[in-house]
Amino acid sequence: DSGVTQTPKHLITATGQRVTLRCSPRSGDLSVYWYQQSLDQGLQFLIQYYNGEERAKGNILERFSAQQFPDLHSELNLSSLELGDSALYFCASSPGTSGRKETQYFGPGTRLLVL
Amino acid sequence: KNQVEQSPQSLIILEGKNCTLQCNYTVSPFSNLRWYKQDTGRGPVSLTIMTFSENTKSNGRYTATLDADTKQSSLHITASQLSDSASYICVVSGGSNYKLTFGKGTLLTVNP
């Protein structure tokens with residue numbers, strides 16, 4: 001158990017809908033990262049927040065947005081969902097900004113299925 | 001463009017045998033290289049992290065090597081166990097903001 005929690009574990013929804021994924025980092029970690037993992041793409045970095053502020057942006061679509069709250073939990077919002085958004089979404093956390101040798105601790109993931 | 005290429009894509013070995021997984025990268029500037037183990041349907045777990053000056057790092061039966069000149073890394077698994085069956089992902093940190101670039105992973109299957 002990494003100490004990172006994600007809810008829900010599974011999510012089934014329809015195209016065009018909007019969903020919110022939630023992540024609670026390990027106690028004391030200030031950085032939260034979101035990743036998407038689909039079968040043919042491997043892990044794709046979406047976005048990083050550090051202490052409430054956006055720190056780095058990866059391949060995140062405009063239909064997706066995220067935020068980190070004062071209690072450091074984070075939410076990833078996915079809107080106008082398409083079939084291709086079906087994937088595993090992972091959240092990870094680390095103590096600082098992960099620039100040097102920080103380990104990122106991954107949560108168990110949320111499996112999203114868009115029908 | 002920053003890229004991480006892993007080989008082989010998949011590998012099947014017998015329990016107790018050794019194996020070596022390869023990772024080539026083009027990330028620049030380079031900060032560090034990580035190996036993760038990911039069991040099916042679960043989040044990745046860090047095995048090793050190496051910086052430019054580190055040539056080798058061990059974590060139990062896992063030994064990672066890094067050649068920063070040729071931009072290659074390998075992960076050697078000794079005396080494999082059934083529980084080693086997983087995807088092994090090479091990740092390189094570097095570029096602007098120390099972004100992580102992920103390889104697609106090597107799927108290792110250890111058979112009894």
Side-chain angles (χ1 to χ4, degrees), chain A residues 1-7 9-10 21 23-26 29 31-50 53-60 87-113, chain B residues 1-10 21 23-25 27 29-54 57 59 62 64 66 68 73 86-107:
Chain A
D1 183 4
S2 66
V4 178
T5 60
Q6 289 187 248
T7 56
K9 212 169 182 178
H10 301 277
L21 314 183
C23 167
S24 292
R26 292 188 326 152
D29 283 359
S31 272
V32 169
Y33 311 79
W34 285 99
Y35 295 90
Q36 179 191 57
Q37 186 175 40
S38 50
L39 276 172
D40 57 344
Q41 285 289 325
L43 271 163
Q44 299 280 323
F45 167 68
L46 296 178
I47 197 163
Q48 176 198 358
Y49 278 83
Y50 173 75
E53 301 288 327
E54 183 183 303
R55 172 81 178 173
K57 223 166 183 175
N59 304 320
I60 189 165
L88 262 172
Y89 290 85
F90 287 106
C91 166
S93 74
S94 70
T97 57
S98 204
R100 287 187 156 257
K101 288 180 67 175
E102 278 193 354
T103 295
Q104 289 188 17
Y105 297 88
F106 283 77
T110 292
R111 185 175 294 278
L112 173 66
L113 181 59
Chain B
K1 184 184 173 183
N2 291 336
Q3 283 188 314
V4 175
E5 302 284 343
Q6 290 187 244
S7 61
Q9 250 184 334
S10 62
L21 315 180
C23 172
N24 297 332
Y25 62 92
V27 176
F30 173 84
S31 175
N32 58 69
L33 185 144
R34 309 157 186 235
W35 283 94
Y36 282 88
K37 177 187 178 189
Q38 185 178 22
D39 293 317
T40 303
R42 307 191 69 168
V45 174
S46 180
L47 295 175
T48 63
I49 301 177
M50 290 184 292
T51 57
F52 185 89
S53 58
E54 294 171 301
K57 199 136 193 202
N59 178 357
Y62 302 102
L66 173 64
S73 174
S87 182
Y88 291 84
I89 303 171
C90 175
V91 186
V92 180
S93 172
S96 59
N97 278 335
Y98 301 103
K99 269 189 210 172
L100 298 185
T101 303
F102 287 76
K104 292 191 176 183
T106 292
L107 182 61

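At a threshold of 4.5 Å between non-hydrogen side-chain atoms, the residues A:Gln104 and B:Leu100 count as touching.
With a threshold of 4.5 angstrom between heavy atoms, B:Gln6 does not approach chain A through any atom at all. For A:Tyr105, no part lies near chain B; criterion is any non-hydrogen pair under 4.5 Å. In this structure, the portion of A:Gln37 lying under 4.5 Å from any heavy atom of chain B is its side chain and not its backbone.
A:Arg26 CZ: more than 12 foreign heavy atoms inside a 6.0 Å radius.
Between chain A and the residues B:Lys104, B:Arg42, B:Gln38, the most heavy-atom pairs under 4.5 angstrom are made by B:Gln38.
Minimum interatomic distance between A:Leu88 and B:Gly41 (heavy atoms only, all atoms of both residues): CD1-CA, 4.4 Å.
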